[in-house]
Amino acid sequence: MKGVLILSKGIMVFVEQSQGNIRKTSLELLSQASVIAGQAGEAVTAVILGQNIENLADEAIQYGADKVIVADAPQLEKYTIGPYTRVLKSIIRQEEPQAVLLGNTATGRELAPRLAQRLGVGQASDCTGLEYAADTFLRFKRPVYAGKALVYVSSKVRPVVATIRPNTFQAVARVPQQQAVVVKYPVESEAAELSVIIREVVLAGSKRPELTEANIIIAGGRGLKGPEHFAMLGEFADTVGGAVAASRVAVDAGWVEHEYQVGQTGKTVSPTLYIACGISGAIQHLAGMGSARCVVAINNDPEANIFKIADYGIVGDVFEVVPMLTQQLRKTAY
Ligand code: FAD
């Protein structure tokens with residue numbers, strides 16, 4: 001069945017939850033969706049899937065939802081692609097929103113294309129901007145060619161499916177709408193049928209924020225000279241409540257795991273502050289962090305490429321500068 005033309009209404013946000021907590025990226029989407037819905041005179045519908053998650057509806061309303069649809073079923077307790085796609089698709093068909101927004105997370109990246117294919121519509125991936133447009137309702141901004149260029153995408157086919165990069169918008173709590181409604185969606189057993197059973201979820205031991213959602217990232221490259229010096233970055237990150245990341249050279253050398261890699265073949269991050277330590281600024285690295293709001297580079301080569309894109313540059317030895325910064329920031333009770 002093809003996408004429906006224009007009869008559709010509102011913006012739907014898929015609210016990701018993990019272990020009973022809404023992910024920050026979903027709150028960011030709800031906030032921005034509510035701004036746009038306000039401009040367009042439309043409503044925001046949040047959709048939450050899981051088990052025993054009805055209590056999350058209040059938070060979704062606080063961050064911008066006018067209506068919350070809760071699909072609560074034992075089979076939806078842990079995310080699996082089959083049931084989540086089927087249940088979401090039938091909710092979208094029932095609600096007929098103009099747009100369906102998902103975070104550009106591992107889950108969002110897996111779900112969005114499947115949904116778009118089953119709805120017979122196109123999809124905009126990894127968007128770094130989203131605004132109201134009078135003619136097409138929404139206009140998405142997305143980087144292409146490893147961040148070298150930006151394209152603006154819009155569509156008149158409904159619904160538009162899009163994933164938005166975490167940290168693109170701020171999550172802003174508002175006075176909850178008195179008339180906001182919470183609706184239970186009756187999950188059909190056929191839709192929720194599991195072909196994969198997840199026996200156990202083992203969480204990574206780190207207390208640091210997840211890289212793609214971190215507000216502050218301290219990244220290290222070849223300039224760190226060895227795995228032992230990543231502990232120095234860890235201390236720096238813990239002082240400012242940030243996450244640690246790495247260039248591919250540091251990962252390929254086995255200094256840190258691949259999950260830390262930022263760049264074309266690693267993760268795409270969008271923090272408020274990115275501090276690059278001993279990283280030259282190769283195009284493939286910039287592809288993963290180019291949308292950081294503020295970049296600070298620490299490098300002993302004044303000609304390093306990273307200084308061309310940095311907002312602040314410190315020409316110096318990482319082994320002197322990083323401990324000094326950590327010490328100073330500790331004093332200021334960050
Ligand atoms: P280098 O380029 O060697 O830079 C090290 C920097 O440290 C230098 O600028 C040096 O001046 C500085 N330095 C040295 N000692 C000190 C010191 N004591 N104090 C301060 N500064 C110091 N790279 C990624 O990062 N992510 C990717 O996803 C990625 N994907 C790729 C995909 C492809 C297909 C290809 C071909 C490459 C990819 N790369 C990626 C690799 C990329 O091209 C670069 O090789 C890599 O980013 C360089 O890492 P680096 O900056 O740590 O090392």
Side-chain angles (χ1 to χ4, degrees), residues 104-106 108-109 125-126 128 142-150 163 165-167 204 208-214 216-237 239-240 242-271 273-329:
N104 195 57
T105 59
R109 282 197 302 272
S125 319
D126 195 19
T128 54
R142 53 182 306 265
V144 289
Y145 302 120
K148 280 245 167 204
L150 292 170
T163 62
R165 192 178 287 186
N167 283 335
R208 294 183 192 132
E210 211 281 311
L211 205 46
T212 56
E213 293 197 353
I216 300 178
I217 292 177
I218 317 294
R222 198 199 304 260
L224 283 185
K225 313 231 187 295
E228 64 279 15
H229 299 303
F230 269 83
M232 172 178 86
L233 295 196
E235 269 180 52
F236 191 7
T239 307
V240 295
V244 173
S247 72
R248 176 163 161 177
V249 165
V251 171
D252 284 353
W255 299 350
V256 289
E257 299 294 316
H258 181 256
E259 69 191 65
Y260 289 88
Q261 186 180 318
V262 164
Q264 191 178 316
T265 43
K267 289 185 176 166
T268 303
V269 297
S270 207
L273 176 62
Y274 190 91
I275 305 184
C277 310
I279 291 179
S280 60
I283 179 72
Q284 295 90 352
H285 187 79
L286 304 186
M289 44 66 76
S291 62
R293 283 207 196 125
C294 178
V295 176
V296 175
I298 305 168
N299 198 303
N300 61 6
D301 173 8
E303 301 298 322
N305 196 47
I306 191 83
F307 288 129
K308 293 192 183 132
I309 61 109
D311 299 282
Y312 299 95
I314 301 173
V315 179
D317 188 335
V318 279
F319 301 106
E320 285 175 24
V321 178
V322 170
M324 218 187 300
L325 280 175
T326 309
Q327 217 178 4
Q328 285 303 318
L329 288 166

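Keep in mind that this is a model prediction, so the values were computed, not measured. Order of listing sets the numbers, starting from 1, for every ligand and every atom in it.
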Quiz item: CD of E228: more than 12 outside heavy atoms within 6.0 angstrom?
Solution: yes
Quiz item: Between T239 and E235, does a side chain to side chain donor-acceptor pair (under 3.5 Å) hold up when you go through it step by step?
Solution: CA-CA 6 Å; T239 307; E235 269 180 52; over 6 Å; no
Self-check item: Heavy-atom pair of closest approach, residues N167 and T212
Solution: ND2-O, 4.1 Å
Exercise. Please determine which of R222, Q284, Q261, H285 meets the side-chain contact (heavy atoms from CB on, under 4.5 Å) test together with R248.
Key: Q261
Quiz prompt | Charged N-O contact under 4.0 Å between E210 and K267 | solution = yes
Quiz prompt | For ligand 1, the residues whose heavy atoms come within less than 4.0 Å (ordered by chain, then number) | solution = G221, R222, G223, K225, S247, R248, V249, Q261, V262, G263, Q264, T265, G266, G278, I279, S280, A282, Q284, H285, N299, N300, D301, G316, D317, V318, F319
Self-check item: Contact summary for F236 and L329, nearest pair of heavy atoms
Solution: CE1-CD1, 3.5 Å
